[in-house]
Amino acid sequence: MAPSPTGRFHLGSARTALFDYLLARKTGGQFILRLEDTDQKRFVEGSEEEIMRSLDWLGITPDESPLHGGTFGPYRQTERRDLYQQRANELVQKGSAYPCFCSPERLDQSRKEQESRKVDRVRYDGLCRALDPSDAAKRVASGEKYVIRFKMSHEGATTAHDHLRGDIVTENKYLDDTVILKSDGLPTYHLAAMVDDHEMEITHVLRGSEWLPSFPLHVNIVRAFGWDEPVWIHLSIFLKPSGKGKMSKRESAEAMKDGHSIFVDDFKGLGYTPEGVLNWIALMGWGVAEDDVMSLDEMIQRFSIDTLTPSPAAINFQKLDHFNGTHIRLLTTEDLSARIKPYFVAAGLPVEDEALMKITPLIRERLVTLDDCLAFASFFFKEDVSPNPDELIAKGLDAKQSAEIAKKCLEILSALSDISHQVTEPPMRAYVESAGLNANQVFGILRVAVTGQKVSPPLFESMEIIGREKVLSRLRNAITSLENMNMSP
RNA sequence: GCCCCCAUCGUCUAGUGGACUAGGACGCAGCCCUUUCAAGGCUACGACCGGGGUUCGAAUCCCCGUGGGGGCACCA
């Protein structure tokens, strides 16, 4: 994959990377990370690191990259600049490209003039294309500033083959003499990517469909060199959840508001798992008929470029939540425990591994994101809980009645020396039965008293983990709280 | 404005001329389970953009519309 370090690493790039990775693993190839950093003006500090960090987190670390080295390095285009200059000159020698000395000002003027004439397509006017090659060479040698443009044929048409879309035929009259080497000596994408793909022996080019308009240019460049073409695959782009337009910065701000993001590096902090994110993005642009919950290994097994889809896909965060929850439930207790522990630590709670291993099975199927563990299990590690007095009152009862029930619960539980759920549940149920109450009412009071919240993991198992002394003291506090309410109407 | 791509439930998709009464997943609704919340199970709702062809037969092939998306830089 070949992203440019000009901003944050987003979902679209991640999906391309995933498919690159799957294809490489499937076919025994290498998954290479190449940084397209030829636009020094747009370079963003830290984005190279973010790209690599994101890939690592997803679990699709490149086999070869600026970090890992490899046989096809260097993997940063700015470190390969001589190569592009040689290749650009090669094209000039062959008559497939030419130096252009036009100033940005002249180009700008020409553009404006064409616009005023309302031409169908504004393009280079060809002034330097008409130059005598030896004259041009002399001007280059004399140190005059220049760029190199690809000499596009004006006649005929270009047929480019996309693996998903078939032949794409474009009349050459719609094509332009695009700049392939800039005046700073660095190549534009068009040259750099073609040269590197050839040098690095890239067999499949997977990229976003925003490259489709320059696709004819690219095949023309490859053909001008006389090289074999890779398999070209233009993936659909990701649309915003509404399906109207592609994801934008504005949209990402919206997503952040409800705990989502379009940047891979944000997902960890949001409580998402690599498994969930991977599964989610895999299914956008890849048609899997059934059994769509897949691990990375299963994806490798099932991947094929023939089952990729060309149509644009609206992203759907609800589906991400679904896959995240599903993959969380697939984790072993050890694994899940290790993944949620940092959240308790970060919250300043004294988490103990032994207790955590007991808690994890209780909350596993309740988690959508890992950080949900805090809402479901913080009370286990707190010294005290402070329930909302109103919530201690059971439905259909008043504070006095609720206090009576709480007292009875205390009586029953304090009589037991063993507080394991097998021991506590039968007498409690017997009490509910004999008192003519319903389980919701009694267990509800107990739940709020002991956990401090209306929603919690299963009550009796929870009490067992909290421990006898804490359970009893929390219950006593609840009784006091209810009685105080009673006195102040 | 010009060029290009795309088109099946609200969303992601299966479907490659007859196996389609169009399948799955998310979401949504209901039921079951149940001490809360979930999870799980079951059921319901829900689509071939329109019009022409081709063919004995079209969701599938062709054409034209329409709609959506992308692109028109010394950015990638």
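Computed from heavy atoms alone, side chains included, the values below leave out hydrogens, waters and symmetry copies. Quantities reported herein were computed from a predicted structural model and do not represent experimental measurements. Throughout, protein chains are lettered first and strands after them, A, B, ... in sequence-line order, and every chain is numbered starting at 1.
Closest contact between the side chain of A:Thr188 and the listed nucleotides B:U13, B:A38, B:C74 involves B:C74. When each of B:U35, B:U11, B:C75 is scored by its nearest atom to the side-chain atoms of A:Glu461, the top-ranked nucleotide is B:U35. Of all nucleotides listed (B:A39, B:U35, B:A76), B:U35 comes nearest to the side chain of A:Arg429. The side chain of A:Phe376 lies closest to B:C37 when the candidates are B:C74, B:G40, B:C37. The side chain of A:Val455 has B:C37 as its nearest neighbour among B:A76, B:U35, B:C37. Of the candidate nucleotides B:U35, B:C12, B:C74, B:C74 has the atom nearest to the side chain of A:Leu107. The side chain of A:Leu459 lies closest to B:U35 when the candidates are B:C74, B:G40, B:U35. Looking at the side chain of A:Arg149, the nearest of the listed nucleotides B:C74, B:A38, B:C26 is B:C74. When the nucleotides B:C6, B:C74, B:C12 are ranked by their closest atom to the side chain of A:Pro310, B:C6 comes out on top. Checked against B:U35, B:A76, B:C6, the side chain of A:Lys182 finds its nearest nucleotide in B:A76.
Summarising the base pairing, B:G50 is matched to B:C64 through a Watson-Crick or G-U wobble pair whose two defining distances lie under 3.5 Å. The partner of B:G1 is B:C72, judged by Watson-Crick or G-U wobble contacts that both fall below 3.5 Å. Checking B:G27 for Watson-Crick or G-U wobble geometry (two distances, each under 3.5 Å) identifies no partner in any strand. Base pairing annotation: B:A44 forms no Watson-Crick or G-U wobble pair, as no partner gives both donor-acceptor distances under 3.5 Å. If you check B:A14 for Watson-Crick or wobble pairing at under 3.5 angstrom, you find it has no partner at all.
Proximity of A:Thr38 to the phosphate of B:A76: a side-chain N or O atom is located under 4.0 Å from OP1 or OP2. Checking the phosphate oxygens (OP1, OP2) of B:C74, no side-chain nitrogen or oxygen of A:Lys145 falls inside 4.0 Å. At least one side-chain nitrogen or oxygen of A:Asn440 sits closer than 4.0 Å to the OP1 or OP2 atom of B:U36. OP1 or OP2 of B:C3 has at least one side-chain nitrogen or oxygen of A:Tyr174 nearer than 4.0 Å. One finds a side-chain N or O of A:Arg329 lying less than 4.0 angstrom from the OP1 or OP2 phosphate oxygen of B:G40.
Using cut-offs of 30° and 60° on the angle between ring planes, the pair A:Trp232 and A:His234 is parallel. Between A:Trp280 and A:Phe317, the ring planes lie tilted relative to each other; the angle falls in the 30° to 60° range. Between A:Tyr146 and A:Phe101, the ring planes lie tilted relative to each other; the angle falls in the 30° to 60° range.
If you take atom C1' in B:U60 and the same atom in B:C33, they sit 43 Å apart, rounded to whole Å. B:G15 and B:G24 have their C1' atoms separated by 12 Å, given to the nearest Å. Comparing the P positions of B:C31 and B:U36 gives an interatomic distance of 15 Å, to the nearest angstrom. If you take atom C1' in B:U21 and the same atom in B:A47, they sit 15 Å apart, rounded to whole Å.
Per the geometry, CE belonging to A:Met463 stands 14 Å off P belonging to B:U35, to the nearest Å. Note: CG (A:Asn279) to P (B:G24) measures 19 Å, nearest angstrom.
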Step by step, work out the side chain to side chain contact (heavy atoms under 4.5 Å, CB included) result for A:Leu283 and A:Phe323. CA-CA 11 Å; A:Leu283 259 24; A:Phe323 279 119; 3.3 Å; yes
Assess the residue pair A:Val448 and A:Val385 against the criterion (side chain to side chain contact (heavy atoms under 4.5 Å, CB included)); give the C-alpha distance rounded to whole Å, side-chain angles, the decisive distance to 0.1 Å, and a yes or no. CA-CA 9 Å; A:Val448 175; A:Val385 291; over 6 Å; no
Determine, stepwise, if the pair A:His218 / A:Tyr189 fulfils ring-ring contact (aromatic ring centres under 6.0 Å, His included). CA-CA 10 Å; A:His218 300 149; A:Tyr189 170 87; 5.5 Å; yes
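A donor-acceptor contact under 3.5 Å is formed by the side chain of A:Ser183 with the base of B:C74.
For A:Glu275 (side chain) and A:Ser295 (main-chain N/O), no donor-acceptor pair under 3.5 Å exists by modelled atom type.
Under the side-chain contact (heavy atoms from CB on, under 4.5 Å) rule, A:Val195 has a single partner from A:Arg87, A:Gln77, A:Met200, A:His190, which is A:Arg87.
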At a cut-off of 3.5 Å, list every protein nitrogen or oxygen paired with a nitrogen or oxygen from nucleotides 64-71 of chain B, distance to 0.1 Å.
{"residue": "B:G69", "atom": "OP1", "partner": "A:Gly245", "partner atom": "N", "Å": "3.4"}
{"residue": "B:G70", "atom": "OP1", "partner": "A:Lys246", "partner atom": "N", "Å": "3.1"}
{"residue": "B:G71", "atom": "OP1", "partner": "A:Lys246", "partner atom": "NZ", "Å": "2.9"}

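The shortest distance between side-chain heavy atoms of A:Lys173 and A:Arg121 does not fall below 4.5 Å.
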